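All of these numbers come straight from a predicted model, not from anything done at the bench. Order of appearance sets the numbers: ligands from 1, and atoms from 1 within every ligand.
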Amino acid sequence: MSEILLTNIKTIYQTDNFFKRGSEMDSISSIDNAWMLMDNISGKIISLGKMDEIPNHQAEIIDMKNRAIMPTWVDSHTHLVFAKSREQEFVDRIHGLSYQEIASRGGGILNSVEHTRQMSEDELFEKSLVRLNNIISLGTGAVEIKSGYGLNLESELKLLKVINRLKDISPIPIKSTFLGAHAIPKEFKDDKKGYIHLIINEILPEVAKNNYADFCDIFCEKDYFDYDDVINIMTEAKRYGIIPKVHAEQLSHSNGIEAGVKVSAISVDHVEFANLSDFEFLKNSSTIPNILPGAAYFLGLPNPPVRKMIDYGLGISIASDFNPGSSPTGNMHLMTSIACVQYKITPNEAINAATINSAYAMNVSNIVGSISENKFANFIVLKDVQNLNFIPYSIGMNIIDEVWINGKPFKNNNL
Ligand code: NIG
Ligand code: FE
């Protein structure tokens, strides 16, 4: 039988499909005492409803035994293809060095570039696949992955090939992002212009020719790239149909939000140092502020002004920023806990940000982000969860009974 009918679902949480802004972020629609019909072949949801209106249907029936379900998390910002962890920098920061001081001593992004350049495509692929399986086990059902640890033609293409190989075999949707403008590589140390010339004239055309990237990203920050660089690189990316994203206002106010809005970026990410005029730019745009609680927490940065943004009427999304330097975790459940505790946002706001709004921040809102007809049947079966507040509240606890991907329980054979 190609259809599966789940019965006796305690609650289906998050059935909303629209991008939520301002006060809309504090509510989540749900169906109590529900059933859900799924297509085994497409892996998609056919229909859903209340048990007292259950259809008389030829399908394999699975009794969910009064457990609640919610959509899998959508992680719209990661750098999960990298060679090696960087726990020494973690210890250096404990001893008082800042992220910028570590970077200026050759650590940071350039440290990862060194190791990633040396590693073969196959080895990078194997390591990244383990991480992908790990985050799916933690309930992630769609993920965006960036390059940015290659910073030359050969190595950026290698990273993007790895991401595209993951796309080919992944059970969950993946979007790929070209982040050539992540840092200035050491061979261009005093020649940022030369490196941007290489990005625009050599790397980007190859990326576009091979159709390797859905998005193009840039780190807009003092000592990295500035407003004009965002405009120049993104104008080129858009000529190839590649959609902009920007790492903005993470370590200082660097006008990345303004530049991101100007080039119609789908998201501006981090935004710790965003100010009121940035809120105004965002309000009049379709650019989504994508909040990365793991990086702010792990680096001890000031909290991004998330509460103020939502009160201003903006919609925010949440992602993990999984990477070896500033956020060595892809645990989206933990991101919602950090966001609630640190930014004083409600569990509903955090869960909307990490599901449906994050799906909008990576252009997959038509296939994931909520439990709705025609979307992939990617959902988390929750352990004894009576309400959604319990999820961010349960900091670091395992609240997952099962993860279902494409209408099937996910079995991780790859760890
Ligand atoms: O999103 N801010 C720039 N890039 C990453 C950090 C990457 C790294 O430290 O390796 C981030 O935080
Ligand atoms: Fe990042």
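The Fe ion (ligand 2) has His79 among its coordinating residues (N/O/S atom, backbone or side chain, under 2.8 Å).
Against a heavy-atom cut-off of under 4.0 Å, Tyr99 is close to the following atoms of ligand 1: 6 (C), 7 (C), 8 (C), 9 (O). Less than 4.0 angstrom separates some heavy atom of Tyr149 from each of these atoms of ligand 1: 7 (C), 8 (C), 10 (O). Close approach of ligand 1 to Asn323 (heavy-atom distance below 4.0 Å) involves ligand atoms 6 (C), 7 (C), 8 (C), 9 (O), 10 (O), 11 (C), 12 (O). Under a 4.0 Å criterion applied to the non-hydrogen atoms of Ile109, ligand 1 contributes the atoms 7 (C), 8 (C), 9 (O), 10 (O). Proximity to Asp321 (heavy-atom distance under 4.0 Å) selects the following atoms of ligand 1: 1 (O), 11 (C), 12 (O).
Asn111 and Glu89 are linked by a side-chain donor-acceptor pair at a separation below 3.5 angstrom, with hydrogens and angles left out of the test.
In terms of protein heavy-atom proximity, atom 12 (O) of ligand 1 is closest to Ser326 OG, 2.5 Å.
Both tests hold for Arg165 against Phe125: distance to the six-membered ring centre under 6.0 Å, angle to the ring axis within 45°. Under the 6.0 Å distance and 45° angle rule, Lys146 does not count as a cation-pi partner of Phe178.
Note that CG of Asn17 and CD1 of Ile371 are 11.0 Å apart. Values are rounded to the nearest 0.5 Å.
The N, O or S atom of Asp321 lying closest to the Fe ion (ligand 2) is OD1.
Residue Glu221 does not touch ligand 1, judged by heavy-atom distances below 4.0 Å.
Checked by atom type and distance alone, the side chain of Asp16 never pairs as donor or acceptor with a backbone atom of Phe18 at under 3.5 Å. The backbone N or O of Thr346 lies less than 3.5 Å from a partner atom in the side chain of Glu349, making a donor-acceptor pair.
Residue contacts with ligand 1: Ser112 is placed with no nitrogen or oxygen under 3.5 Å of a nitrogen or oxygen of the ligand (distance criterion only).
Between Asp278 and His253 there is a side-chain heavy-atom pair separated by less than 4.5 Å.
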